[in-house]
Asker: 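One structure is given below, represented as structure tokens, and several questions about it will come after.
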Amino acid sequence: MMKNGSIKKCNFLSLALAVTFLHCTSLPHKTGRNSFSDTAKEIASYAKVANDIIDLAVYGKAQNRSYQRLADFTDTIGNRVSGSKNLDLAIKYMFNALGKDGLENVHLEPVKIPHWVRGEESAMMLVPQNHSMNILGLGSSVATPKEGIEAEVLVVESFEELKKRAKEASGKIVVYNQPFVSYGTTVQYREFGATEAAKVGAVATLIRSITPFSINSPHTGWQDYTEGVKKIPTACITVEDARMMGRMAKRGQRIVVRLTMSAQTLPDADSFNTVAEIIGREHPEQVVLLSGHLDSWDVGEGAMDDGGGALISWEALSLLKDLGLRPRRTLRTVLWSAEEEGGVGAQQYFQLHKVNISNFDLVMESDMGTFTPLGLQFSGSTQARAVMAEVMKLLKRINTTTLEEHAEGTDIEMWMDAGVPGASLHVADSKYFWFHHTDGDTISVQDPMEMNLCSALWAIVAYVVADLEEMLPR
Ligand SMILES: *[C@@H]1O[C@H](CO)[C@@H](O)[C@H](O)[C@H]1NC(C)=O
Ligand SMILES: *[C@@H]1O[C@H](CO)[C@@H](O)[C@H](O)[C@H]1NC(C)=O
Ligand SMILES: *[C@@H]1O[C@H](CO)[C@@H](O)[C@H](O)[C@H]1NC(C)=O
Ligand SMILES: *[C@@H]1O[C@H](CO)[C@@H](O)[C@H](O)[C@H]1NC(C)=O
Ligand SMILES: [Zn+2]
């Protein structure tokens with residue numbers, strides 16, 4: 001169409017004759033969007049680029065690079081919970097590494113983040129048997145008194161059962177032995193278990209870890225107290241111990257536990273979101289954002305949650321830089337701080353940058369593991385979805401053409417709620433919650449070849465969307 005033609009001519013003139021942008025803007029402007037078939041053709045023309053990215057990431061000299069970088073990072077820094085010295089070290093490490101990699105506009109954006117410290121903790125069953133339990137206090141929990149809390153246990157399997165048996169809860173330690181349905185459904189026990197138990201007079205809670213599989217491993221995570229409800233100490237216990245207490249209770253056995261926790265909430269700490277870019281050649285102010293979070297829990301190494309997501313968001317830019325690809329719009333990798341405490345760094349980023357929301361083309365997050373990729377989860381308008389479905393066709397060679405519903409990511413959801421198209425990586429994640437928030441989340445659960453595929457997918461999607469003539473329709 002004529003409008004497109006005039007834009008092309010504009011680019012050509014400005015390059016070939018080195019005319020000024022002013023000259024350019026005096027030419028007739030586009031008044032509408034490209035037709036869908038034009039866009040589909042345009043996207044299909046990226047087949048060679050997609051092939052080059054796959055060659056480099058999966059079969060070429062960048063093979064296993066994201067894994068090796070992740071291994072070096074986790075071996076050097078270890079875990080990095082919000083407010084910790086390790087998180088500071090992790091941010092410094094990444095800032096240096098991104099700069100050394102030759103990426104552009106590498107910088108840190110200050111944020112304030114929670115500072116909860118676990119301290120010493122233990123739980124001992126005293127009746128009917130002496131049994132030391134593996135526990136992990138939950139993020140934001142208060143401490144017990146120094147001598148601990150020794151109390152009889154009330155075991156329930158649901159909030160409904162707790163309500164029915166409210167009269168029995170007073171002065172007890174409530175143990176939640178809820179079955180695992182899905183993370184999204186069952187995590188409410190970790191988040192609100194303490195508050196619900198406190199409302200009926202419990203003195204502490206022990207919550208069955210949110211996982212479908214266990215080798216006596218406790219899983220930590222953030223929990224939320226409710227304003228105006230007494231704050232009682234809360235920790236997760238293993239599936240094995242929860243089920244054992246469930247059986248004991250059903251038999252009518254009396255159970256007594258002593259819980260000791262010295263957790264502390266310190267004043268908010270200074271931290272940073274870590275940013276690196278490939279600056280757009282034509283619309284530098286317009287952005288495709290790729291992200292993962294740099295913080296983790298204070299157990300394991302946070303390799304899977306979310307070292308992998310952070311590393312492929314770096315690797316995607318490395319791959320494009322290695323291939324000399326500079327898209328029309330800016331590619332911006334952001335490694336968030338304090339995701340685990342509720343997307344704290346990302347919320348502050350949104351508040352600061354939402355003034356430019358019309359320039360955010362697509363926001364992407366990988367935070368469900370970097371195992372074998374299956375496809376992309378996407379949230380956006382029907383028109384945007386149609387465009388993304390064409391982009392995904394470029395991934396046929398690595399069998400990840402599926403475009404699914406509902407992008408997710410704590411760190412990008414406010415952008416999506418405000419109408420910006422969002423995408424999240426969907427991987428074969430059946431084991432993700434086996435390791436999630438435990439000592440088992442180490443580099444050993446990652447696979448180099450799987451990360452290569454994730455990196456290729458991430459790079460192709462980000463690059464093509466950032467290079468299309470038009471931003472994704474809202
Ligand atoms: C990448 O990792 C795979 C699987 O561990 C291995 O077979 C392959 O040799 C590695 N490639 C390079 C270049 O290190
Ligand atoms: C449990 O340990 C306490 C001391 O810590 C001891 O007095 C008690 O006899 C033990 N109970 C059993 C059943 O071993
Ligand atoms: C908003 O975008 C403009 C133009 O690119 C830029 O100069 C400014 O720094 C941006 N503001 C924020 C808060 O990102
Ligand atoms: C994609 O699927 C084809 C056919 O099943 C298979 O031969 C190929 O190895 C797969 N490629 C990848 C990267 O998994
Ligand atoms: Zn995460």
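Note that these values count all heavy atoms, side chains included, but never hydrogens, waters or copies made by symmetry. Ligands are counted one by one from 1 in listed order, and the atoms in each one are counted from 1 as well.
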Asker: Tell me whether Y189 contacts the main-chain N or O of F159 through its side chain, where contact means a donor paired with an acceptor under 3.5 Å.
Answerer: yes
Asker: Mark whether atom 7 (O) of ligand 2 lies under 4.0 angstrom from at least one protein heavy atom.
Answerer: no
Asker: Out of T372, N399, N452, who gets a non-hydrogen atom closest to atom 11 (N) of ligand 4?
Answerer: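 Among T372, N399, N452, the closest heavy atom to atom 11 (N) of ligand 4 belongs to N399.
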Asker: Select the closest option to atom 14 (O) of ligand 2 among V127, L126, N130, judged by heavy-atom distance.
Answerer: N130
Asker: Is the NZ or CZ atom of R190 positioned over W222's six-membered ring, under 6.0 angstrom from the centre and within 45° of the axis?
Answerer: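 Because its charged atom misses either the 6.0 Å distance or the 45° angle limit, R190 does not stack over W222.
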Asker: Within the 4.5 Å heavy-atom criterion, are V420 and L362 side-chain neighbours or not?
Answerer: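 Heavy-atom side-chain distance check fails, nothing below 4.5 Å.
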Asker: State whether the side chain of K321 and the backbone N or O of D101 hold a donor-acceptor pair below 3.5 Å, judged by distance alone.
Answerer: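 Checked: pair present.
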Asker: Within less than 2.8 Å of the Zn ion (ligand 5), any N, O or S from D305?
Answerer: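 Checking the Zn ion (ligand 5) against D305, an N, O or S atom does fall under 2.8 Å.
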Asker: Would you say L87 and S337 make side-chain contact, with heavy atoms under 4.5 Å?
Answerer: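 Yes. Closest side-chain heavy atoms under 4.5 Å.
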Asker: My question is simple, although I want it checked carefully: is atom 4 (C) of ligand 4 less than 4.0 angstrom from any protein heavy atom?
Answerer: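 Under the 4.0 Å cut-off, atom 4 (C) of ligand 4 has no protein heavy-atom neighbours at all.
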Asker: The Zn ion (ligand 5) and D367: any N/O/S contact shorter than 2.8 Å?
Answerer: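 It does; at least one qualifying atom falls short of 2.8 Å.
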